[in-house]
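A short worksheet on the structure shown next.
To find a chain, count down the sequence lines: A is the first, B the second, and so on, and within it residues start at 1.
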Amino acid sequence: MSILVDHVTYLYETGTPLEHKALDEVCLEIKDGQFVGIIGHTGSGKSTLMQHLNGLLKAHSGHIYLDGEDIDAPGYPKKKLRSQVGLVFQYPEHQLFEVDVFTDVCFGPKNLGLPKEEVEERVRKALLQVGIPEEYWKQSPFEISGGQKRRVAIAGVLAMQPGVLILDEPTAGLDPKGRREILDQIKKLQTQTGMTVLLVSHSMEDVAEYVDRIVVMNRGKILLDGAPKEVFCHVEELEGVGLAAPQMTYVMRALRKRGFDVDEDAITVEEAAAGILRALS
Amino acid sequence: MLRDITIGQYYQTDSVIHRLDPRVKLAGTLLFIVSLFFFQNIGGYLAAALFLALVIRLSKVPFRYIVRGMRAILFVLLITVTFNLFLTPGRTLVELFGGHVRITYEGLKMAFFIALRLAFLIVGSSIMTLTTTPNHLTDGLERALRPLKVFKAPVHEVAMMMSIALRFIPLLLEETDKIMKAQMARGADFESGNLIQRAKAMVPILVPLFICAFRRAADLAMAMEARCYRGGEGRTKMKPLVYGRADYLAYFLLAVYTVGSIFIGRL
Ligand SMILES: Nc1ncnc2c1ncn2[C@@H]1O[C@H](COP(=O)(O)OP(=O)(O)OP(=O)(O)O)[C@@H](O)[C@H]1O
Ligand SMILES: [Mg+2]
């Protein structure tokens with residue numbers, strides 16, 4: 001599904017002295033099937049923007065179109081919107097509440113009013129997609145590990161089979177191995193189903209390897225937008241807003257300064273290694 | 001929505017009222033509330049309104065902000081008013097539904113005064129919390145209650161518990177907001193259905209909320225222990241409370257208000 005964000009402005013705490021703009025005339029177009037990384041410093045408005053996309057927050061001005069239809073238009077079915085734009089919140093494991101993992105994942109599809117068989121079918125599929133094997137399905141969601149909780153929560157949204165999946169910092173607080181596993185699974189899912197995926201993060205390393213496009217946000221505005229390599233060319237601008245390019249970009253820059261003829265746009269360790277070998281041979 | 005609830009919250013700014021000793025503000029709130037219960041005519045309420053307006057003005061807290069916080073208790077206010085309006089015996093003013101329901105002259109008067117009293121009570125006590133940080137409030141309460149120590153009352157602990165409870169209000173509201181949104185993103189519906197369905201719809205919010213509250217409380221306890229907190233015994237103050245000139249003046253004005261308003265209110 002495609003999304004068009006057209007000059008969206010949003011203010012928190014309107015009418016109080018604490019009023020402030022969290023989004024300032026944001027424009028963004030996301031094509032069907034894209035895997036987009038949204039990066040920005042803490043408080044830059046990433047989560048706020050994401051909550052607009054499934055109608056949890058309503059823009060004070062501007063419009064959002066999903067497949068060309070204005071989601072704030074009167075009569076646009078909110079329930080359908082929520083099922084088509086699946087939003088996984090920051091620390092989604094805090095929303096688990098059911099007696100066991102399986103029932104918890106059922107919550108979403110059940111709310112869509114689907115028949116029981118269909119619900120269970122979807123839940124099984126979703127749980128396997130995020131890599132929760134069957135032996136955990138009857139356990140309490142409070143007794144499994146943090147990483148597993150996170151996956152169960154993601155499955156809870158996946159089971160609604162959305163056309164757009166938004167993940168707000170899905171890897172926050174996980175160890176490097178857990179991070180990789182989750183991101184690998186999301187990537188796999190995206191290539192298999194052709195889902196549009198938006199991945200919010202403030203770690204360049206996480207995002208760089210997986211996404212087709214990076215959108216950098218700063219103080220409620222979009223600062224940079226483009227393919228990872230293009231975005232990482234702007235190291236100074238990124239650093240200016242409290243972000244950094246991936247470590248490999250810095251390594252390659254340093255090498256170049258010392259007179260090695262390497263490409264500066266390597267992002268992953270593999271690319272960097274290949275680049276260095278090429279320069280040496 | 002939920003974040004509109006400002007009961008018990010601190011409003012950061014610098015004003016005469018903010019700088020007053022917390023004991024003065026505690027005493028002031030108490031006296032103000034007590035005075036409300038002495039009034040028998042509109043004059044007393046007018047005096048109270050005047051006093052309140054003056055304090056709000058001095059405190060630099062925008063009136064709009066205070067009123068916004070009142071919205072949360074509007075419901076309680078309405079119920080009280082309704083009960084008083086319809087259930088007070090006395091001279092009949094109007095009869096509705098063929099005499100089954102009647103509004104009496106006394107009922108009307110009572111409802112009006114009760115509404116005023118409740119509103120003043122809440123605004124009065126929110127002024128205290130709006131202008132006093134939880135730390136200050138704890139200090140003040142502890143000092144004010146110190147005489148009770150003679151009876152082995154756990155004064156420090158009670159004061160500490162109160163300020164922690166106040167601190168938890170915004171945390172829990174914020175958390176509720178987040179959890180509600182997260183469940184709405186999973187298609188939960190809190191707005192339609194009958195009473196039972198709506199009550200059931202609260203489960204997905206309440207369970208995570210309770211878990212979160214316990215987790216936060218445990219974390220806080222751990223953090224306090226890690227910094228060697230061990231109760232009030234032998235604990236000294238970095239900034240002991242001392243009265244200044246403004247505080248004595250405030251006490252004097254308070255005395256004037258209390259005596260004056262009660263005198264007017266009972267004329
Ligand atoms: N519910 C709220 N009420 C008031 N202000 C808020 C609320 N949520 C966010 N804000 C403010 O809006 C701005 C944008 O917040 P947002 O949560 O969108 O940032 P973010 O980019 O997701 O940050 P993070 O990386 O920390 O998650 C911040 O200044 C924040 O303080
Ligand atoms: Mg965020």
Pick out which of A:Arg150, A:Lys149, A:Arg151 makes a salt bridge (charged side-chain N to carboxylate O under 4.0 Å, His left out) with A:Glu93.
A:Arg150
Please verify the inter-ring angle class for A:His94 with A:Tyr91; under 30° counts as parallel, over 60° as perpendicular, anything in between as tilted.
parallel
Fit a plane to each ring of B:Phe113 and B:Tyr45, take the angle between them on a 0 to 90° scale, and name the class: parallel (under 30°), tilted (30 to 60°) or perpendicular (over 60°).
parallel
Write out, in numerical order, the residues from residues 54-62 of chain B with a heavy atom short of 4.5 Å from a heavy atom in chain A.
B:Pro62
Answer with side chain, backbone, both or neither: which region of A:Gln51 has an atom nearer than 4.5 Å to a non-hydrogen atom of chain B?
side chain
Taking the inter-plane angle between the rings of A:His60 and A:Tyr10 on a 0 to 90° scale, is it parallel (under 30°), tilted (30 to 60°) or perpendicular (over 60°)?
parallel
Could you tell me if the ring centre of A:Tyr210 sits under 6.0 Å from that of A:Phe35?
no
Can you find a pair of side-chain heavy atoms, one from B:Asn135 and one from B:Asp139, that are under 4.5 Å apart?
no
So what's closer than 4.5 Å to chain B heavy atoms on A:Phe89: side chain, backbone, both or neither?
side chain
Which residues in residues 198-206 of chain B have a heavy atom less than 4.5 Å from any heavy atom of chain A?
B:Val203, B:Pro204
For B:Ile79, I'd like to know if atom CD1 has over 12 heavy atoms of other residues, nucleotides or ligands within 6.0 Å.
yes
Is there a donor-acceptor pair under 3.5 Å between the side chain of A:Arg82 and the backbone N or O of A:Gly55?
yes
I'd like to know if the side chain of A:Thr171 reaches the main chain of A:Leu174, judged simply by a donor and an acceptor atom lying under 3.5 Å from each other, with no hydrogens or angles considered.
no
What part of A:Leu87 gets closer than 4.5 Å to chain B, counting heavy atoms only: side chain, backbone, both or neither?
both
Can you tell me if A:His41 and A:Ser44 form a side-chain donor-acceptor pair at under 3.5 Å?
no
Do any N or O atoms from the side chain of B:Glu174 and from the backbone of B:Leu171 form a donor-acceptor pair under 3.5 angstrom?
no
Taking side chain as everything from C-beta outward and backbone as N, CA, C, O, which of these in A:Leu57 sits under 4.5 Å from a heavy atom of chain B? Side chain, backbone, both or neither.
side chain
Any donor-acceptor N or O pair under 3.5 Å, side chains A:Tyr76, A:Glu69
no
Segment of B:Phe210 engaging chain A (4.5 angstrom heavy-atom cut-off):
neither
